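Because only heavy atoms are used, hydrogens play no part in the values below, and waters and symmetry mates are left out as well, while side chains stay in. Just so we're clear, the structure is a prediction, and the values are computed from it rather than from any experiment. Convention: sequence-line order gives letters A, B, ...; per-chain numbering from 1.
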Amino acid sequence: MYRYDEIDQALVNDRVAQFRDQTRRFLDGSLSEDEFRGLRLRNGFYIQRFGPMLRVSIPYGMLNAPQLRMLAHIARKYDKGYGHFTTRTNIQYNWPKLEQVPDILADLATVQMHAIQTSGNCIRNVTTDALAGVARDEIVDPRPYCELTRQWASFHPEFNWLPRKFKIAFSASAQDRAATVVHDIGVHIRRNADGELGYTIYAGGGLGRMPILATKVRDFLPEGELLPYCEAILRVYNRLGRRDNIHRARIKIVVKEHGADKFRQLVEEEYARIDDPALRLTAEDIERMRAHFTAPAYAADAAAPASFAQWRSTSSRFAAWARRNLKAHRVPGYHAVMVSLKPIGGVTGDCSHVQLDALAELAERYSFGEIRVTYDQNLLLADVRERDLYALWQQLDAQGLATPNIGLITDIIACPGLDFCSLANAGSIGVSQDIQQRFEDLDYQYDVGELRIKISGCMNGCGHHSVGHIGILGVDKHGEEWYQVTLGGGAGDDVAALGERTGPAIARADIAEAVERIVQVYLEQRGSEDETFLETFRRVGMAPFKARIYAESAAEREAA
Amino acid sequence: MSRIIRNRAIAADDYTTLADDAPLPAMGQVIVSLQRWRAERGALAGGGLRVGVRLANTDDIALVWADVRERPLIALEWPKFADGRAFTQARLLRTRYGFAGELRAVGDVARDQMFYMRRCGIDSFAPRADQDLDGCLAALTELSDAYQPAADGVVPVWQRRRRHA
Ligand code: SF4
């Protein structure tokens, strides 16, 4: 993975010193609350419902063992012993003290980490496919492009005070596992008819209120032109993005208000006028960056098909895990292993300091010392030998990290919601736990199959509810927690789509029941066991689901 | 005379900012709005005045360049600390249009923005009244390096690394 050189390290160190000074000036009263807010946000520091929150950047989800140990150390020393992984593949701590944040950042800098631009109206962490470099359907490893983009975007002097936050995601495979079409810029790396590498560029996607899928801006952009083109999009946005209404400030509104054609024209005109050769990447620049992401030294004797078959037949728990939590690897004998952060009744994405330390150990022992954070708030050990699978599973299991539910109904994406977030209308964590408990039975989960539930505690959509197969959105009704349900959304699926609303909001007490009814309709309606929830929904439409969700239950009829 | 930062030093502000309805002095250096410059160009340019022009951060540089290209000073406005439109204006004026005069940041100008303003081509700063000018000066070089090109001649890291290899 990418290693800092002296330039990267100097910048991160300078940033720590800068924030230390800003914090000091805020505490001595010479920097106003309002001004400090913008500055601390750009260093990942929020003031939340019950206290502060620090969001640490994990560029495109990559972590190595020393970094995991540092995250564990921070959880222990400055927090309550755990951290929370997000859909943007960052980690959040919920209890740091402002006075200590400069020290935390200094600690992070010792392992080449930081919290730069993890919030605030600037270019945020760049994300990509968690299977980058190991996926079978990949055209090229997207991470070198992500890192080049990260560097270009870091401390960008022109684009550090945008109308609103700005998120960029990369995908380099047939299936878009990075949900690029719900990002401000979505980059699809591809080859043109002549076999040359380049990009299809999308812009203006976003969740939150007014969720919208991104518009294609450029069908094929040559490989060296990535940064000038991004500058063109950002410049159009910085000039024309609305600053009068925070809810209309994302780039998607610029696209909407000007229309896709006009927006495209503005970007292309701006791009045509950017003639700064310094922004252009040469083949050599990209090659040099690629050298940071070379394949590890894969062993020739990694495969162990006989043992693997035997473990599966002797342990049904191992077999269940192997069935759900292993992903195909391009190198024979290797598996990509998903580490579930969704234990039944747990908190989505949470990881304790003990688990983080254990994962550092396991990464070193079984996966070349690296681990990745995934878009769905799990972790991934990307390069595990088949012959190590059983030993790894036992150790993950001992840490509560082997829940065999990847991609299933209990593998829920949920934002922190009312328990932590000051913007929330309603809780997410409790709802997620209720649903998990209803579907705890593994056979039931397996029968239902691939089904992604995504929960947000408010319209901001941090839990990506709009693109959940079942989306659940917390709304406030006279001070009570209610939930709007959508069906048929998808991102990272075969087709990206926004969910369709089922009807009126549903009370907190009824939400798990509503999900169960939705699942029942699916099980009754599906054409075969191979037809997924999304496929069934697209075939039969909303009507049968709606009828069942809002039908009175037998108990209710009796009571009435 | 209030103090500003110009060319990385504290200096006396030798320009007077004129409201649109303020009477014109016969001599000296003044900053006027673009509207006034356009309306009274003859009177302003004729006498013994040296005239700088203040743009709003919503002005499109492509549309105003012809009016301001000869000016010794252009003032760009930060109406609020967090409103970053003038960063783009500054960078375009320097790198696309080659403006070589004094480029001044006015309005809600505070030290924690000044490093980025400088990188975008601002060489003159009229900080908010509460700002400590020595602190502002120090802030201009707060980060020792930068990754990307802007308007300050920084060679982007990817280019510098070519030479290292
Ligand atoms: S979706 Fe709303 S409640 Fe949930 S984390 Fe985001 S802002 Fe907070």
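Among all heavy-atom pairs drawn from A:A278 and B:P156, the shortest one is O-CG, 3.4 Å. Residues B:W158 and A:R288 share a closest heavy-atom pair of O-NH1, 4.1 Å. The two residues B:L143 and A:R15 come nearest to each other via the heavy atoms CD2-N, 4.0 Å. A:P277 and B:Q159 get closest at one heavy-atom pair: O-NE2, 4.2 Å.
Considering only residues two or more places apart in sequence or on other chains, A:E231 meets the side chain to side chain contact (heavy atoms under 4.5 Å, CB included) condition with A:W152, A:H156, A:F159, A:R235, A:I274, A:L279, B:R91.
Looking at A:E287, neither its backbone nor its side chain comes within 4.5 Å of chain B, counting heavy atoms on both sides. Of the atoms belonging to A:R42, not a single heavy atom falls under 4.5 Å from chain B. Looking at A:N13, neither its backbone nor its side chain comes within 4.5 Å of chain B, counting heavy atoms on both sides. If you measure heavy-atom distances from B:A146 to chain A, the contacts under 4.5 Å come from the backbone alone. If you measure heavy-atom distances from B:Q89 to chain A, you find no contacts under 4.5 Å at all. Looking at A:T282, the atoms closer than 4.5 Å to chain B (heavy atoms on both sides) sit in the backbone and in the side chain alike. In this structure, chain B has a heavy atom under 4.5 Å from the side chain of A:L227, while its backbone stays farther away. For B:R111, the part lying under 4.5 angstrom from a heavy atom of chain A is the side chain only.
Separation of atoms CZ (B:R162) and CD (A:E284) is listed at 6.5 Å; rounding is to 0.5 Å. Interatomic distance, CD of A:E35 versus CG of B:D130, reported as 7.0 Å (0.5 Å rounding). Note that CD of A:E158 is 13.5 Å distant from CZ of B:R85, once rounded to the nearest 0.5 Å. A distance of 8.0 Å separates CD1 of A:I7 from OH of B:Y147, quoted to the nearest 0.5 Å.
Ring centers of A:W161 and B:F81: under 6.0 Å apart, within the cut-off.
Inter-residue side-chain proximity for B:V157 and A:Q151 is flagged as met; some heavy-atom pair is nearer than 4.5 Å. With contacts defined as side-chain heavy-atom distances shorter than 4.5 Å, the pair A:D285/B:R161 does not qualify.
Applying the salt bridge (charged side-chain N to carboxylate O under 4.0 Å, His left out) test to pairs two or more places apart or on separate chains, none has a residue in residues 19-28 of chain B.
Proximity of a side-chain donor or acceptor of B:Q148 to a complementary backbone N or O of A:S154 within less than 3.5 Å is detected. When atom types are taken as modelled, the side chain of B:D145 and the backbone of A:L11 share no donor-acceptor pair closer than 3.5 angstrom. A donor-acceptor pair under 3.5 Å is formed between the side chain of A:N238 and the backbone N or O of B:G84.
With respect to the salt-bridge test (charged N to carboxylate O, under 4.0 angstrom), the residues B:D112 and A:R25 qualify.
Dense packing is recorded around CZ of B:R96, with more than 12 heavy atoms of other residues, nucleotides or ligands lying under 6.0 Å away.
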